[in-house]
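One structure is given here, and the rest of the page talks about it.
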Amino acid sequence: MNVTVLLFASYADALGASSVELPLAPGATVRDVVTALGQLPGAERLPPSPLVAVNEVYASYDGVVDPGDEVAIIPPVAGG
């Protein structure tokens, strides 16, 4: 199955794209998505446990992803 991973700000800069398609085994979890993403070139600049949302809802690392899900890797936000 494939999921779309959305990347923002410094995460998109690190991987050189604002989104990537990842092939995953059926029954894959959010943790599997983060692990697979970590294998891509440039991913060493990402934190080991970023904040994640699946289909626009914050998700735990044990949550299962389904084919076609949109997984967002959310960078830290600063401002004043």
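Throughout, numbering of the chain's residues begins at 1 and tracks the sequence.
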Over all heavy atoms of both residues, which pair between [X] and [Y] is shortest? Give the atoms and the distance, please.
X	Y	result
P50	V34	CD-CG1, 4.0 Å
A9	P75	CB-CG, 4.1 Å
L22	A36	CD1-CB, 4.0 Å
A28	M1	CB-CE, 3.9 Å
V54	A59	CG2-CB, 3.6 Å

CD (E21) with more than 12 external heavy atoms under 6.0 Å: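 Check passes, neighbour count above 12.
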Using 0.5 Å steps for rounding, measure from the [atom1] atom of [X] to the [atom2] atom of [Y].
X	Y	atom1	atom2	result
R31	S49	CZ	OG	7.5 Å
Y11	S18	OH	OG	16.0 Å
L40	E44	CG	CD	10.5 Å
D69	N55	CG	CG	4.0 Å

Cluster overlap [X] with [Y], hydrophobic side-chain contacts below 4.5 Å:
X	Y	answer
L6	V30	no
V33	Y58	no
Y61	L46	yes

Residues in side chain to side chain donor-acceptor pair (under 3.5 Å) contact with D13, at least two apart in sequence or another chain: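 Counting only residues at least two positions away or on another chain, D13 forms no side chain to side chain donor-acceptor pair (under 3.5 Å).
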Partners meeting side chain to side chain donor-acceptor pair (under 3.5 Å) with N2 (sequence neighbours left out):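 In terms of side chain to side chain donor-acceptor pair (under 3.5 Å), with neighbours along the sequence ignored, N2 is linked to no residue.
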Pair T29-D32, side-chain donor/acceptor within less than 3.5 Å: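 Per modelled atom types, T29 and D32 side chains form a pair under 3.5 Å.
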Side chain to side chain contact (heavy atoms under 4.5 Å, CB included) evaluation trace for L7 with L37: CA-CA 10 Å; L7 303 160; L37 188 65; 4.0 Å; yes
Check against side chain to side chain contact (heavy atoms under 4.5 Å, CB included), V52 and I73: CA-CA 5 Å; V52 178; I73 308 299; 3.9 Å; yes
